[in-house]
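In what follows, every heavy atom counts, from backbone to side chain, and hydrogens, waters and symmetry copies are set aside. Numbering starts at 1 and runs along the sequence shown. Just so it is clear, the structure is predicted and the values come from calculations on it, not from any experiment. We count ligands from 1, going down the list as the structure has it; atoms in each ligand are counted the same way.
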Amino acid sequence: MKARHFLQFKDLSRDEYEHLFIRTRWIKEQFKSYRQYWPLIDRMLVMIFEKQSTRTRLSFEAGMRQLGGTAVFLNTRDSQLGRGEPVEDAAEVISRMSDIVMIRTFEQEIVERFARHSRVPIINGLTNEYHPCQILGDIYTFIEQRGPISGKTVAWIGDSNNVCNTWLQAAEVFDFNVHVSTPPGYEVEPERAGLYGTSHYEEFSDPMQAAREADLVTTDVWTSMGFESENEERKRDFEDWRVDAEMMKIAKKGAVFMHCLPAHRGEEVTAEVIDGPQSVVWDEAENRLHSQKALMEFLLLGRVEQ
Ligand code: CP
Ligand code: NVA
C-alpha cells in the first residue's frame, strides 16, 4: 500500500480530520487517566530537524513513546544531511530503517522531494511555507473550547508566514473565514499558501478591523526561523501589528487568543493578552501531543475505531 503523507493541511479531507479529532479526544483521555495505549509498540519514528524546536520535538518524541514506539532524533549538524547528501538518497535510506518520518526544514520542496522517495509516511514538522501539525492541534483546541469552527471567523494579525498559510488552507477544508492583517509588503501570497481561491479570507490594512467580531484572534513571531537577517527591519514594519487588550475587546465576547509559541511578549502580543483569561496557549501547546498521536496512529494504522 502507498504511504500517506502529511505535508500540508489540505493533504487530509475534512472527514479524515473529523476522525482525527475523535481519536485525539480518546487518546487524550487515555493519557490523562494513566491508561496504556501501545498500538505502535514495534514502530520507530525518525525526527529530522534542520531548525530549532521545543514543542515539536518533545510532542513527537513523547507521543511516539506513549504509543509504545520509539523515536530517533537527527539534526543537520550531526548527520550527513548537513554535508550535502541528496535528499532523495537520505529518503531512500531512512525510510528503509524506520516506519514514519517527521521533518522540520526550510523550503517545502525539500519535504515534497523526501516524500517522493520514501516508503513510509512523511510528516511536515514545519517548513518556510507551512506548519500543518500546528493547525491540527489549534483547530482541535478551538473545538474543545468553543465547539465547531465551521462558519467562524479567525483573525490573523502579523506576518503572512507558514502558520498563517496553514490557517488559510484549513479555512478551505473546514469552511471558516480568516481576516488577515499584515503590514504593507507582507501580504498573503495565495499561490505560495497553496489556496484554491480567495473566498475564505479577507485582507485588512487595519489590524483592529481584522479583529472585529472575531471568534479567535491569533498571531505569531514577526521574524520566523530562517529570516533572522530581516529582524531589525521587521521590528520597525510590524510595530502596529501587536495583539493587545484593546484588540481583544473588539473581537467577539468570549473570543480566544492563540499563539503557536514561542512568543515575544511586547512584540507581536502583550503580556496582558497572552497571560490573560482569553488566552488558551498552554492547552494549545499540550494538544500538539494528543493530536499528533492521533495523526501517527492514522498514518500507520489507518482508521482505528474504538
Ligand atoms: N510551535 C512550535 O512548533 O514550537 P517549536 O518551534 O518549539 O517546535
Ligand atoms: N513562524 C514561526 C513558527 C515557529 C513555531 C517560524 O517559522 O519560526
Atoms of ligand 1 under 4.0 Å from any heavy atom of R288, numbered from 1 in the order shown, are 1 (N), 2 (C), 3 (O)
Give a yes or no on whether V217 and L261 share a hydrophobic cluster (residues Ile, Leu, Val, Met, Phe, Trp, Tyr; joining criterion: side-chain heavy atoms under 4.5 Å apart). yes
Taking only non-hydrogen atoms of M225 and a 4.0 Å limit, the atoms of ligand 2 in range are 6 (C), 7 (O), 8 (O)
K10 NZ/CZ over Y196 ring centroid, <6.0 Å and within 45° of normal: yes
Does H131, backbone or side chain, put an N or O under 3.5 Å from an N or O of ligand 2?
no
When the ring planes of F21 and Y140 are compared, do they come out parallel, tilted or perpendicular, using 30° and 60° as the limits? tilted
Should the ring pair F174 and F9 be called parallel, tilted or perpendicular, given that the plane angle runs from 0 to 90° and is split at 30 and 60? tilted
for atom 6 (O) of ligand 1, nearest protein heavy atom and its distance come out as R104 NH1, 2.8 Å
Review point. Can L12 and F298 be said to form a side chain to side chain contact (heavy atoms under 4.5 Å, CB included), step by step?
Key: CA-CA 11 Å; L12 298 188; F298 176 71; 4.0 Å; yes
Between H259 and D220, does a side chain to side chain contact (heavy atoms under 4.5 Å, CB included) hold up when you go through it step by step?
CA-CA 6 Å; H259 190 310; D220 188 11; 3.9 Å; yes
Here the atoms of ligand 1 under 4.0 Å from any heavy atom belonging to C260 are 1 (N)
Problem - Pairwise side-chain contact, F142 with D138, heavy-atom cut-off 4.5 Å (strictly under) - result: no
TODO: Decide whether the shortest distance between a heavy atom of L261 and an atom of ligand 2 is less than 4.0 Å.
DONE: yes
re atom 7 (O) of ligand 2, the protein heavy-atom contact at minimum distance is N162 ND2, 2.8 Å
L126 heavy atoms within 4.0 Å reach ligand 2 at atoms 3 (C), 4 (C), 5 (C), 7 (O)
Taking only non-hydrogen atoms of L261 and a 4.0 Å limit, the atoms of ligand 1 in range are 1 (N), 2 (C), 4 (O)
TODO: State whether the shortest distance between N or O atoms of S224 and N or O atoms of ligand 2 falls below 3.5 angstrom.
DONE: yes
- Query: Is the closest basic N to carboxylate O distance between R212 and D206 below 4.0 Å?
  - Reply: no
Checking heavy atoms under 4.0 Å, the part of H131 that sits near ligand 1 is side chain
Exactly one of R25, K28, H290 clears side-chain hydrogen bond (donor to acceptor under 3.5 Å, both in side chains) with E144, and that residue is K28
At under 4.0 Å between heavy atoms, what of N128 touches ligand 2? The answer is neither
**Asked** Just by modelled atom types, is the W26 backbone N or O under 3.5 Å from a matching donor or acceptor in the Q30 side chain?
**Response** yes
Closest to atom 4 (O) of ligand 1 among protein heavy atoms sits R55 NE, 2.9 Å
T54 heavy atoms within 4.0 Å reach ligand 1 at atoms 5 (P), 7 (O), 8 (O)
Taking distance alone, with N or O pairs closer than 3.5 Å, would you say D220 contacts ligand 2? yes
